[in-house]
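Naming: A, B, ... by sequence-line order, numbering from 1 per chain. Bear in mind that the values here come from a model prediction, so they are computed numbers and not experimental data.
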Amino acid sequence: MKERLRALVYEALERCRQNGSLTPGPTPTFTIESPVNPEHGDFAVNVAMLLARAEKKAPRQIAESIVAALGDGGGLCQRVEIAGPGFINVFLASSCWYGVLDEIHRRGSAYGPAASGGGAKVQVEFVSANPTGPLHIGHGRGAAIGDVLCRLLAATGWDVTREFYYNDAGAQIANLALSVQARCLGIEPGDARWPADGYQGEYIKDVAQAYLAGATVAADDRQVTAAADPADLDAIRCFAVASLRHEQDQDLRAFNVRFDVYTLESSLYTEGRVEAAVRQLVANGHAYEEGNALWLRTTAFGDDKDRVMRKSDGSYTYFVPDIAYHLHKWQRGFVRVVNEQGADHHSTVTRVRAGLQALGVGIPQGWPEYVLHQMVTVMRGGEEVKISKRAGSYVTLRDLIDEVGQDATRFFFIMRKADSQLVFDIDLAKQQSNDNPVYYVQYAHARVCSINRNAAEAGIKVPVVGAVDFSRLVLSEELALAKLLARYPETVEGAARSLEPQRVTTYLQEVAAAFHSYYNKQRVLVDEMETSRARLYLVNAVRSVLANALGLLGISAPEQM
RNA sequence: GCGCCAGUAGCUCAGUUGGACAGAGCAACGGCCUUCUAAGCCGUGGGUCGGGGGUUCGAAUCCUCCCUGGCGCGCCA
């Protein structure tokens, strides 16, 4: 609808230039928006104000020329007004809006955004937690945001690869192995022989027991059987990593999040990618030796200080495999890469991009893209729950899903933009009250289903496309609902383009509110058959959009509650 | 000290590539169930959009300087 109008405005501008009411020149990129105030029409075009400077004329004067050239837009526009500083307000015939209902019914679950991605390859890397413990609430936020980003990109026509990257070899993993070994030997935290900075959580004890019992665990794409030998630190490490990855997989499955590819940091070494990247950086003249270490001149690419690549002990710092990993992503053909991670890692953004620029292989400057989510503060019993991973005291994602439910947990995590800090009040979320906006939205869906059941009982079917008399829909609330439903595709497109899932939850709440209000004001099933059928058609379009949007977020759309 | 992110109603937060009088939920107060689910609806009160400058026809939105909070500033990841 909006795009049709845009084309009409372009044609009008062209006619203005031909008849001399506008001087020849480039057309600025103008906006067409849906005003909040219905008095401002269905669409507001700001092109006249943008042209004012170049034309050296008053915006309203320019608007008059454009409106004259626009005419009635081939029957699309019922009325066109010039208002305020020079807005062109377009009022469409209500029949245009009710046509949206036909489109929704015709396309069903396919009603939504256009496939603007054109099938191009995009990779979304998210969660990427190290296998040293269960996923906590912060990972949950990353999982929810990352998963929905994938869904949004897929819905807009991108070929999405979901990827999980984890460190299976560094110092933290060595620490993990030592902790499990200590538990195998019956050593407890506090004991003199307990490893410094060991992981103290109860789950370490479970891993140790399984290891001693010779258990087999499956994680990602491999299986590991425990050697059961407390002296074999290497075997313990392999088993512990697999066990914790297995646990994380279970948590993610419970959250309805899946991945296509798992990449291990160790593979970057065994495949020679780290060495190759370093060689390239040295060859390009961006590295230098100092203090027995190898440095990368990241300051040449916007960093505030140079960074060590190879430590004096010969091992690499963490961001070197990161660069090698991203080079590999580039080589795998991803035109876009989106990394979703916690904002506490934001300093890696500059480093990774600097390293990729230094490689000189033609990677664009803003590649990869980052979505960084701010911290999650957990409240329980009115107090902040302090997170200490080593001590094992934190709220796990699994606890949260068990207590709050998958749907509400998801909705809470994506309801707010990633940039904002999030206070997750567990007590509040646990009360399955209407404080949980997800119920509000789901209830709207269930209510339509309930109407459908009553209609079926009365022998009224939901009408098929073309069999509805739209003139029965005379209420302003009905027209408003149709207009709101028409905005669904562009809402999803905007959310995908800006990588902002919260736009969809905001929209869902708007649709649910409009529906609940309508429901309370007006009965759908009335004595008048044709009116009942028209309203049934309308509310089922609402149901369809609610179901599509909830599905896009990975949230269920229950038929009754 | 430097960098990144935030600061919008009592609380938690939206605010669509700058757009027309700033919105929602919760909390407070007052109404609505013999009719499709009251997990709902209607109404009232409540805001110098942290503060000062600037750009613009127009700023919560962009620039700049302050203030406050979070995070990061390692040869940890």
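If you take atom P in B/rU44 and the same atom in B/rG58, they sit 33 Å apart, rounded to whole Å. For the P atoms, the distance from B/rC5 to B/rC63 is 10 Å, rounded to whole Å. Taking atom P on both nucleotides, B/rG7 is separated from B/rG51 by 12 Å, rounded to a whole Å. B/rG47 and B/rG23 have their C1' atoms separated by 11 Å, given to the nearest Å. Rounded to whole Å, the C1' atom of B/rU35 lies 16 Å from the corresponding atom of B/rC41. B/rC71 and B/rG31: their C1' atoms are spaced 47 Å apart (whole Å). Across B/rC4 and B/rG46, the matching P atoms stand 40 Å from one another, rounded to whole Å. Comparing B/rA20 with B/rA60, their C1' atoms are spaced 15 Å from each other, to the whole Å.
With respect to A/E163 and A/K329, no salt bridge is recorded, no charged nitrogen being found less than 4.0 Å from a carboxylate O.
Looking at which nucleotide of RNA chain B each of A/E33 and A/V524 is closest to, the 5′-most match is held by A/E33. Of the residues near RNA chain B, A/M561 and A/F87, the one whose nearest nucleotide (by heavy atom distance) lies more toward the 5' end is A/F87.
Pairing for B/rG3 goes to B/rC71, judged as Watson-Crick or G-U wobble with the two contacts each under 3.5 Å. Both distances falling under 3.5 Å, in either a Watson-Crick or a G-U wobble arrangement, place B/rC41 opposite B/rG31. Pairing of B/rC49, defined by two Watson-Crick or G-U wobble distances under 3.5 Å, is not identified with any nucleotide. If you check B/rU12 for Watson-Crick or wobble pairing at under 3.5 angstrom, you find it paired to B/rA24.
One atom, CZ of A/F411, and another, P of B/rC26, lie 14 Å apart when rounded to the nearest Å. Following rounding to the nearest Å, A/N46 (CG) and B/rA59 (P) show an atom-to-atom distance of 15 Å. To the nearest angstrom, P of B/rU35 lies 15 Å from CG of A/L525. Separating the CZ atom of A/F515 from the P atom of B/rC36 is a distance of 13 Å, rounded to the nearest angstrom. Remark: P of B/rC36 and CZ of A/R543 are 21 Å apart, rounded to the nearest angstrom. The CZ-P distance, from A/F412 to B/rC26, rounds to 12 Å in whole Å. For A/I82 and B/rG19, the CD1 to P distance is 21 Å, given to the nearest whole Å. Nucleotide B/rU35 holds its P atom 23 Å from the CD atom of A/E528, rounded to whole Å.
Inspection of the A/R353 and A/Q357 side chains reveals no N or O donor paired with an N or O acceptor under 3.5 Å. A/Y519 and A/E477 share no donor-acceptor pair across their side chains, judged by distance under 3.5 Å alone.
Between A/R535 and B/rC36 there is no side-chain polar atom (N or O) within less than 4.0 angstrom of OP1 or OP2. Between A/T31 and the phosphate of B/rG18, there is no side-chain N or O to OP1/OP2 separation shorter than 4.0 Å. Remark: A/Y440 is in phosphate contact with B/rC41, judged by side-chain N or O atoms under 4.0 Å from OP1 or OP2.
Side-chain rings of A/H516 and A/Y440 approach one another, their centers coming within less than 6.0 Å.
Nucleic acid contact class of A/A44 (heavy atoms, under 4.0 Å, all strands): base. If you check every strand for non-hydrogen atoms under 4.0 Å, A/D303 touches nothing. At the heavy-atom level, A/A446 lies under 4.0 Å from base atoms of the strands shown. If you check every strand for non-hydrogen atoms under 4.0 Å, A/P59 touches nothing. Residue A/K417 is classed as a sugar-phosphate contact, given heavy-atom separations below 4.0 Å to backbone atoms only. Residue A/R523 is in base contact, counting any heavy-atom pair closer than 4.0 Å across all strands shown.
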List the steps and the verdict of side chain to side chain donor-acceptor pair (under 3.5 Å) for A/D303 and A/T350. CA-CA 6 Å; A/D303 204 353; A/T350 310; 5.2 Å; no

Quick one, A/E289 with A/R310, criterion salt bridge (charged side-chain N to carboxylate O under 4.0 Å, His left out). Give me CA distance, side-chain angles, the key distance, then yes/no. CA-CA 9 Å; A/E289 297 263 0; A/R310 190 168 55 224; 3.8 Å; yes

Can A/F413 and A/H373 be said to form a ring-ring contact (aromatic ring centres under 6.0 Å, His included), step by step? CA-CA 10 Å; A/F413 276 140; A/H373 64 261; 8.7 Å; no

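Contact check of residues 484-509 of chain A against RNA chain B (heavy atom, cut-off under 4.0 Å) returns A/Q502, A/R503, A/T506.
The minimum heavy-atom distance linking A/P85 with A/P59 is given by the pair O-CB, 3.3 Å.
Taking the six-membered ring for Trp and thresholds of 30 and 60 degrees, A/F164 and A/Y166 have ring planes more than 60 degrees apart, a perpendicular arrangement.
In B/rC67 the base sits anti relative to the sugar, since the glycosidic angle is further than 90° from 0.
When distances run from any side-chain atom of A/D419 to the nucleotides B/rC5, B/rA20, B/rG40, the shortest one goes to B/rC5. With B/rG40, B/rA20, B/rA14 as the candidates, the nucleotide lying closest to the side chain of A/A83 is B/rA20.
Contact check for A/I88 versus A/V9: no side-chain heavy atoms found under the 4.5 Å cut-off. No side-chain heavy atom of A/Y518 sits less than 4.5 Å from a side-chain heavy atom of A/V542.
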List the protein contact pattern of nucleotides 69-77 of chain B with one symbol per nucleotide (5' to 3'): B for base contact, S for sugar-phosphate-only contact, - for none; contact means a heavy-atom distance under 4.0 Å. BSBSSSBSB

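Within 6.0 Å of CD on A/E510 lie more than 12 heavy atoms contributed by other residues, nucleotides or ligands.
The base of B/rA20 sits within donor-acceptor range of the side chain of A/N89, with an N or O pair under 3.5 Å.
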